[in-house]
Amino acid sequence: MGRVKLSVNVDHVATVREARKTNEPDPVAAAFLVELAGADGITIHLREDRRHISDRDLRLLRQTVKLELNLEMASTVEMVGIALQERPDQVTLVPEKRQEITTEGGLDVEGNFQQIAEVIRTLHRDGVPVSLFIDPDENQIKAAKDVGAHAVELHTGEYANAKGAARAAQLARVTRGAQLADQLHLLPRVGHGLTYQNVRDLVAIPEVREASIGHSIVSRAVLVGMEQAVREMIRLLER
Ligand code: PXP
């Protein structure tokens, strides 16, 4: 049955560096260890305010990483220009607000249809596939198909935060979302708030193909090292 593919988000390695505005720890060095541990991809979010990942990180990661490089970004003119220049293996479009601690909700694809369509056309013309980070809702998934995305990353933050019966309801919501995406030939990915404790229920959804996980892996890596942290997560992603 294989396993769910893992893209490790190394943003928070850069967060620690930026806490002192120095040059360590380096997310590029972290990416080498992620690769050695057997993960499938590296994800970074180049934010408008450059609060963690920098243009330099993206450039060096593009030159050095052999895994699939997934660039999360807002759909702005500046970011599209950077993506066309650096050519990540995939762009994930995310909503972005300056004051947020992390990405809070999924993209409103329905409400920003023309603008997202234009960004996808521009990136696809240059051969850069585009995934959309959306809430696991039927309307958004159908809109992602209509707008021309090749994949969707279903926002699992509400699942991760819910408890008890609410958690079961959120899991059912993600399950329905992954099934619909798969039927529409959109590659079903999941991400946000996933941990060593809550990821197994998502692995049990056969349609889920990839997971993007950052904070939990980097947190464990601080204590046990990046390679071990990634290997432990990969084991949990086995079907
Ligand atoms: N996917 C997207 C689109 C994100 O914005 C983030 C957070 O940067 C993640 C996945 C990773 O979330 P976490 O750090 O909670 O694992």
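Both ligands and their constituent atoms are indexed starting at 1 by order of listing. The first residue in the sequence is number 1, and the count goes up from there.
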From the candidates M73, H192, E153, the one that places a heavy atom nearest atom 1 (N) of ligand 1: E153
Close approach, I213 and ligand 1, non-hydrogen under 4.0 angstrom: yes
Ligand-residue contact atoms, ligand 1 with F133, heavy atoms, under 4.0 Å: 3 (C)
Within 6.0 Å of CZ in R209, more than 12 heavy atoms from elsewhere: no
Evaluation steps, salt bridge (Lys or Arg N to Asp or Glu O under 4.0 Å), between R51 and E96: CA-CA 12 Å; R51 68 171 73 154; E96 196 174 299; over 6 Å; no
Reference residue I217; test side-chain contact (heavy atoms from CB on, under 4.5 Å); the match among T195, L6, L194: L6
Contact with ligand 1 for S216, non-hydrogen, under 4.0 angstrom: no
Residue pair V119, T76: steps toward the side-chain contact (heavy atoms from CB on, under 4.5 Å) verdict: CA-CA 8 Å; V119 169; T76 62; over 6 Å; no
Heavy-atom side-chain contact between Y159 and V190 under 4.5 Å: no
Residue among H192, H12, H45 satisfying ring-ring contact (aromatic ring centres under 6.0 Å, His included) with H215: H12
Ligand 1 to L194 polar contact by distance, N or O atoms, under 3.5 Å: no
Close-contact set for ligand 1 against S212 heavy atoms, below 4.0 Å: 1 (N), 10 (C)
Enumerated ligand 1 atoms positioned under 4.0 Å from heavy atoms of H215: 13 (P), 14 (O), 16 (O)
V94: numbered ligand 1 atoms lying under 4.0 Å from its heavy atoms: 3 (C)
Electrostatic pair D57-R50, nearest N-O below 4.0 angstrom: no
N/O separation below 3.5 Å, H45 to ligand 1: no
Reference residue S131; test side-chain hydrogen bond (donor to acceptor under 3.5 Å, both in side chains); the match among E210, E153, R189, E72: R189
For atom 4 (C) of ligand 1, the option (of E96, E72, H12) bearing the nearest heavy atom: E72
Under 4.0 Å to a heavy atom of N9 - the qualifying atoms of ligand 1, by number: 8 (O)
